[in-house]
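Because only heavy atoms are used, hydrogens play no part in the values below, and waters and symmetry mates are left out as well, while side chains stay in.
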Amino acid sequence: MTTAHVIQGERVELPVRIRDAAVASAMYAVPAATAQAVIAYSGLDVAEPLPGRAICSLAFIRYADGDLGPYHEFAVAFLVRPPGTAPPAGALGRLRGMAGAGAFIHWLPVNQEFTLECGRTIWGFPKELADMPMDLSGRTKRCAVRFGGRTAIELHVRSGAPVPGGAGAPKVDAYSCLDGVTRRTPWTLTPSGVRMRAGGAKLVLGDHPVAEELRSLGLDRARALSCSTVRHLEMTFEAAEEVPR
């Protein structure tokens with residue numbers, strides 16, 4: 001397994017460490033059949049916490065200090081079952097199954113070239129370059145993704161109530177699919193300053209293909225299940241492993 005890569009003349013050692021990031025995100029329940037069609041190219045299956053419903057997460061992140069430098073990022077992700085596992089039976093089985101669910105990263109625009117090349121080369125993350133104005137200073141966090149001055153997606157997230165320390169998901173499998181290859185990346189998170197609330201998101205969709213997919217999921221008229229903000233987040237990304245198909 002490769003433990004170091006040379007990207008744009010710089011040596012990037014694995015695991016890659018992010019020492020300071022801030023995040024705002026919103027989670028939506030969407031039709032599972034439509035979500036499955038959106039991610040069919042990956043060979044993965046969406047998780048269904050409720051029959052016929054999948055989870056789509058939208059998040060924007062400001063990376064302030066890390067091995068890939070400072071940058072902005074926007075993520076469209078779906079919760080997926082571990083590869084090769086059958087759908088859990090019954091309500092209790094579905095709830096237990098969510099504990100092992102991973103995050104499939106469907107779209108990941110960034111605003112810096114170095115992290116774009118690192119993400120695509122090292123982990124197969126579907127990064128593309130975009131203009132991403134972001135404001136995390138107020139009670140309402142805002143981010144837009146723009147191409148050539150045209151807005152593809154804009155998300156506003158309102159802060160909620162403080163969550164006691166120790167909450168959150170410390171370890172997650174992040175899945176990606178680029179050029180027909182699906183990969184799994186172990187991803188560790190250490191959050192602090194977490195706030196959560198029900199609802200609290202406003203989503204504006206433009207004319208980008210991903211915006212059309214989100215419309216097909218009903219997100220242009222859906223209410224977020226929950227929103228969260230993280231004031232300080234440390235992360236570790238390990239080497240990616242190819243997922244057999």
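Counting heavy atoms of neighbouring residues, nucleotides and ligands inside a 6.0 Å radius, atom CZ of R215 exceeds 12 of them.
The CZ atom of F60 sits 6.0 Å away from the CG atom of L136 when rounded to the nearest 0.5 Å. How far CZ of R142 is from NZ of K202: 8.5 Å, rounded to the nearest 0.5 Å. Here the straight-line distance linking atom CG of L108 with atom CZ of R120 works out to 10.5 Å at 0.5 Å rounding. If you take CG on D220 and CD on E212, they are separated by 9.0 Å, rounding to the nearest 0.5 Å. Remark: F114 CZ to Y71 OH distance equals 10.0 Å, nearest 0.5 Å. The line from CG of L58 to CG of L219 is 6.0 Å long, rounded to the nearest 0.5 Å.
Here the closest non-hydrogen pair linking C56 and V30 is CB-CG1, 4.1 Å. Of all non-hydrogen atoms in P49 and R53, the two that sit nearest each other are CD-O, 3.4 Å. Heavy atoms only, all atoms of each residue included: K127 and V110 are closest at CD-CG1, 3.9 Å. When every heavy atom of P126 is checked against every heavy atom of L178, the shortest pair comes out as CA-CD1, 4.4 Å. Taking all atoms of both residues into account, the shortest heavy-atom contact from Y28 to A222 is CE2-O, 3.9 Å. Closest approach of V157 to C227, counting heavy atoms only: CG1-CB, 3.7 Å.
There is no side-chain donor-acceptor pair under 3.5 Å between S176 and R183. For the residue pair W107/E128, the side-chain donor-acceptor check at 3.5 Å is satisfied. Checked by atom type, the side-chain pair S228/S25 shows a donor-acceptor distance below 3.5 Å.
Proximity of a side-chain donor or acceptor of T85 to a complementary backbone N or O of P82 within less than 3.5 Å is detected. R158 contributes no side-chain N or O that, together with a main-chain N or O of R197, makes up a donor-acceptor pair within less than 3.5 Å. Of the possible polar contacts, none joining the R146 side chain to the T151 backbone as a donor-acceptor pair under 3.5 Å is found. Using a distance-only test at 3.5 Å, with no hydrogens or angles considered, no donor-acceptor pair links the side chain of E73 to the main chain of T115. Using modelled atom types, no side-chain atom of S57 and backbone atom of A77 make a donor-acceptor pair closer than 3.5 Å.
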Which is it for L68 and Q112 under the side-chain contact (heavy atoms from CB on, under 4.5 Å) test, yes or no, and what are the steps along the way? CA-CA 10 Å; L68 306 185; Q112 297 295 330; over 6 Å; no
Run the numbers on K171 and W187 for side-chain contact (heavy atoms from CB on, under 4.5 Å), then give the verdict. CA-CA 6 Å; K171 199 158 192 176; W187 175 28; over 6 Å; no
Begin with the C-alpha distance, continue with both residues' side-chain angles, and end with the deciding distance and a verdict on side-chain contact (heavy atoms from CB on, under 4.5 Å) for T121 and I7. CA-CA 8 Å; T121 301; I7 307 293; 3.8 Å; yes
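L214 and V46 fall within the same hydrophobic cluster, defined by Ile, Leu, Val, Met, Phe, Trp and Tyr side-chain heavy atoms under 4.5 Å apart, directly or through other members. Residues V38 and V243 are members of one and the same hydrophobic cluster, defined by side-chain heavy-atom contacts under 4.5 angstrom among Ile, Leu, Val, Met, Phe, Trp and Tyr. Transitive grouping of hydrophobic side chains (ILVMFWY, heavy atoms separated by less than 4.5 Å) brings L14 and V172 into a common cluster. Under a hydrophobic-cluster definition in which Ile, Leu, Val, Met, Phe, Trp and Tyr are linked whenever side-chain heavy atoms come within less than 4.5 Å, directly or via other members, L50 and V80 are assigned to different clusters. Grouping the Ile, Leu, Val, Met, Phe, Trp and Tyr side chains by contacts below 4.5 angstrom, directly or via other members, places L217 with V145.
Using a 4.5 Å cut-off on side-chain heavy atoms (C-beta onward), F147 and H208 make contact. Using a 4.5 Å heavy-atom cutoff, the side chains of C143 and L155 are not in contact. The closest side-chain heavy-atom distance from L44 to P83 is below 4.5 Å. Under the 4.5 Å side-chain criterion, counting only non-hydrogen atoms from C-beta, V12 is in contact with I122. I153 is listed as a side-chain neighbour of L205, based on a closest heavy-atom distance under 4.5 Å. In this structure, V210 and V76 have side chains that are in contact, with non-hydrogen atoms separated by less than 4.5 Å. Taking 4.5 Å as the limit, every side-chain heavy atom of T229 sits out of range of all side-chain heavy atoms of V23. In this structure, I61 and H72 have side chains that are not in contact, with every pair of non-hydrogen atoms separated by 4.5 Å or more.
For H106 and Y41, the distance between ring centers is under 6.0 angstrom. Here F104 and F78 keep their ring centres 6.0 angstrom or further from each other.
Under a 4.0 Å N-O distance rule, the pair R11/E13 qualifies as a salt bridge. Between R17 and D67 there is no salt bridge, since none of the side-chain N atoms of the basic residue sits less than 4.0 Å from a carboxylate O of the acidic one.
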Donor-acceptor pairs under 3.5 Å, side chain of residues 232-240 to any protein atom, not counting sequence neighbours: which ones?
from	atom 1	to	atom 2	distance (Å)
H232	ND1	D20	OD1	2.8
H232	NE2	E234	OE2	3.2

